[in-house]
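A quick write-up on the structure given underneath.
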Amino acid sequence: MSAPLRPRPSPVDLLAAQLGDAAGAAIELERPNDAAHGDYATNAALRLAPVRRTPPRELAQELARLAAALPGVERAEVAGPGFVNLWLGDAWFEETLGAILDDGSDFGGASAPQRERVQVEMVSANPTGPITVAAARNGAYGDSVARLLEFAGHDVEREYYYNDAGTQMERFRASVDAVRRGEEPPEDGYRGDYVAELARAGGDPVPAMLAQIEATLERFRIHFDGWALQSELERRLPELLPRLDTYEREGATWARSSAYGDEQDRVVIRSKGRPTYRAADVAYLEDKLARGFDRAIYVLGADHHGTRNWYGAVARMLGQDPARVEVLLYQLVHLTRGGEVTKMSKRRGDVVTLDEFVDEVGVDAARWYLVSRGADQTIEIDVDLAAEKTQKNPVYYVQYAHARIAGILRNAGEAEVSAHATHSLAPEERELVKRLAEFPPLVAEATERRAPHSIPYYAIQVADDFHRFYHEHRVLESDAQAFRLALCRATQRVIARCLDLVGVEAPERM
RNA sequence: GCGCCCGUAGCUCAGCGGAAGAGCGACGGCCUUCUAAGCCGUGGGUCGCAGGUUCGAAUCCUGCCGGGCGCGCCA
């Protein structure tokens with residue numbers, strides 16, 4: 001690990017710190033929902049009241065007096081049970097916009113307290129068929145988390161781990177072989193057009209399937225730095241398994257994982273002698289940590305939640321720090337047709353593939369949609385309505401704001417850009433500056449909580465504020481041109497960053 | 001039976017201790033001006049139910065109801 005990163009404090013943080021110093025207590029400033037409650041507000045008086053044994057409104061009066069004396073603060077008022085509402089002067093907004101512009105495209109980044117080497121393992125679907133929309137959520141979520149971590153200053157590698165050795169793969173190969181012999185695939189095998197295509201192509205269908213999966217994910221703007229094979233990792237089991245706490249029962253070898261934080265013990269060697277997928281997990285985790293990753297992140301669907309504590313248990317059994325292992329769970333994607341839930345099975349070949357979905361709605365709308373919901377939220381997609389719905393996808397609203405700004409900046413040419421205003425700021429300008437100032441804490445929290453879905457929601461708000469500003473005020477050839485160009489540029493950078501963090505393009509024209 | 005996740009506007013979902021929101025849908029306005037993929041307005045919610053903690057609960061705790069997922073040799 002290298003030296004701590006040092007993002008510079010935002011003007012809002014500085015203001016809060018100044019007020020905190022004056023008051024002798026930690027102060028947090030929030031943007032009130034209601035514009036009548038000022039530019040920023042704090043509930044510090046309500047929090048301090050019990051500690052200082054003073055009525056909250058009395059404390060609030062004192063805070064308001066201190067706040068009003070700070071530079072940049074126009075006035076401060078006590079409201080409700082003890083909130084302090086602050087109104088800021090134009091100079092504060094100009095200074096804030098100037099600070100945002102100074103940071104350039106790094107604005108909001110480098111929030112990590114320590115730089116880490118992080119591996120994000122994601123998707124990792126068995127190469128028994130094309131990537132489905134359901135698996136694509138894993139990629140959309142995992143890749144956005146990876147992008148957030150990179151933006152925060154970490155060194156991130158994305159990896160795909162695939163099973164080329166297990167039962168499912170045997171069934172898959174048997175299915176292709178059956179088709180080649182002109183027979184039906186086995187009862188528990190795989191079917192679908194892609195199986196027939198692989199049969200025609202000849203050779204081992206697994207590498208061919210894998211190549212197709214990689215192409216699909218590249219198209220989905222997810223690039224993997226590495227690919228791990230189960231069969232290779234299994235070779236190291238003879239040296240690794242003795243390091244585990246194991247026992248024999250019913251002819252199988254079990255890991256005593258329940259003694260290390262897991263809910264239950266797990267079979268690592270079947271009674272018939274073959275290692276399980278869980279055994280390969282052990283080799284893989286050992287491998288990840290040995291490669292020097294400070295943190296190994298697993299992105300797993302909710303159908304795997306039963307094993308969420310297994311990985312940490314493995315780390316403990318191997319004598320490693322379980323804090324280096326992190327499991328991110330996301331709820332499943334349910335697909336419906338015409339409002340009716342259909343259980344789609346990869347084996348039956350009736351799934352909706354990511355390629356089909358992207359053909360229908362485009363990469364931008366697909367990624368936006370899959371990452372816009374909280375990971376804890378089940379996603380329902382009506383396949384029949386997907387295309388129609390995505391015409392109204394808010395991603396276009398955000399992209400449109402970006403393209404509009406790009407148009408203005410194109411037309412502006414070499415005109416002066418300055419955060420210094422020569423006019424009295426309009427409400428739309430002030431709102432937009434405040435919105436942009438929210439970005440650093442928002443993106444830092446999204447990273448910390450592994451919650452990329454807050455980025456699209458924030459981007460919609462930025463676009464909303466910009467469209468309103470655009471509608472009310474002319475930029476070029478206005479008496480506030482230099483300031484408004486500065487506002488446009490800062491807004492464009494923030495929108496572009498938000499779009500990039502969720503893997504969506506920021507168009508110059510639409 | 002046990003574990004995890006979810007129940008907020010007609011629909012899809014944010015918010016997760018501080019003064020109820022967005023998109024879509026519905027209804028009504030706004031283009032000779034930097035892109036109308038835009039803007040403005042109207043209507044719409046006992047935040048599943050019941051207790052508890054708190055000055056304050058959609059947010060925390062408990063119970064219940066409803067839905068999803070899972071529960072030792074598939075992955």
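Within every chain, numbering begins at 1; the chains are lettered A, B, ... in the order of the sequence lines, protein sequences first and strands thereafter. On a predicted model such as this, the values are computed, not experimentally measured, just so you know.
Annotated as anti: B/G21, whose glycosidic dihedral deviates from 0 by more than 90°.
As judged by a 4.0 angstrom heavy-atom cut-off over every strand, A/H402 is placed among residues making no nucleic acid contact. As judged by a 4.0 angstrom heavy-atom cut-off over every strand, A/A302 is placed among residues touching the sugar-phosphate backbone only. At the heavy-atom level, A/D262 lies nowhere under 4.0 Å from the strands shown.
Side chain to side chain, A/N163 and A/Y277 fail the donor-acceptor criterion of an N or O pair below 3.5 Å.
The nearest whole Å value for the distance from the CZ atom in A/R308 to the C1' atom in B/G3 is 7 Å.
B/C27 and B/A9: their C1' atoms are spaced 16 Å apart (whole Å).
The side chain of A/N163 has B/A75 as its nearest neighbour among B/C69, B/A75, B/C34.
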Taking only nitrogen or oxygen atoms into account, show me every contact under 3.5 Å that the protein makes with nucleotides 15-18 of chain B, one pair per line with its distance.
unit_1	atom_1	unit_2	atom_2	d
B/G15	OP1	A/H453	NE2	2.9
B/G18	N7	A/N43	ND2	2.6

Short heteroatom pairs, N/O only, protein and nucleotides 37-44 of chain B, under 3.5 Å:
unit_1	atom_1	unit_2	atom_2	d
B/G38	O2'	A/R404	NH1	2.9
B/C39	OP1	A/Y397	OH	2.5
B/C39	O2'	A/H471	ND1	2.9
B/C40	OP1	A/R468	NE	2.4

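For the pair A/G251 and A/E508, nearest-nucleotide mapping onto RNA chain B gives the more 5' position to A/E508. Residues A/R278 and A/I460 both approach RNA chain B. Their nearest nucleotides, taken by heavy-atom distance, put A/I460 toward the 5′ side.
Side-chain atoms of A/S271 and base atoms of B/C73 include a donor and an acceptor less than 3.5 Å apart.
Outside the 6.0 Å centre-distance limit, the rings of A/F83 and A/H37 are not counted as a close aromatic pair.
Both cation-pi conditions hold for A/R404 and A/Y470: the charged atom is under 6.0 angstrom from the six-membered ring centre and inside a 45 degree cone around its axis.
Looking at A/F224, A/Y284, A/Y298, A/W227 one by one, the single match for ring pair (Phe, Tyr, Trp, His ring centres under 6.0 Å) with A/Y161 turns out to be A/Y284.
For A/R270 and B/C74, the shortest distance from a side-chain N or O to OP1 or OP2 is below 4.0 Å.
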**Request:** Could you provide the dot-bracket string of RNA chain B, using ( ) for intrastrand pairs, [ ] for crossing pairs and | for bases paired to another strand, with Watson-Crick or G-U pairs below 3.5 Å?
**Result:** ((((((((.[[[[.)..(..]]]].(((((.......))))).....[[[[[..)....]]]]])))))))....

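The pair A/R173-A/E170 fails the salt-bridge criterion, with no side-chain N (NZ, NE, NH1 or NH2) lying under 4.0 Å from an Asp/Glu carboxylate O.
When all heavy atoms of A/Y458 and A/R435 are compared, the closest pair comes out as OH-O, 2.6 Å.
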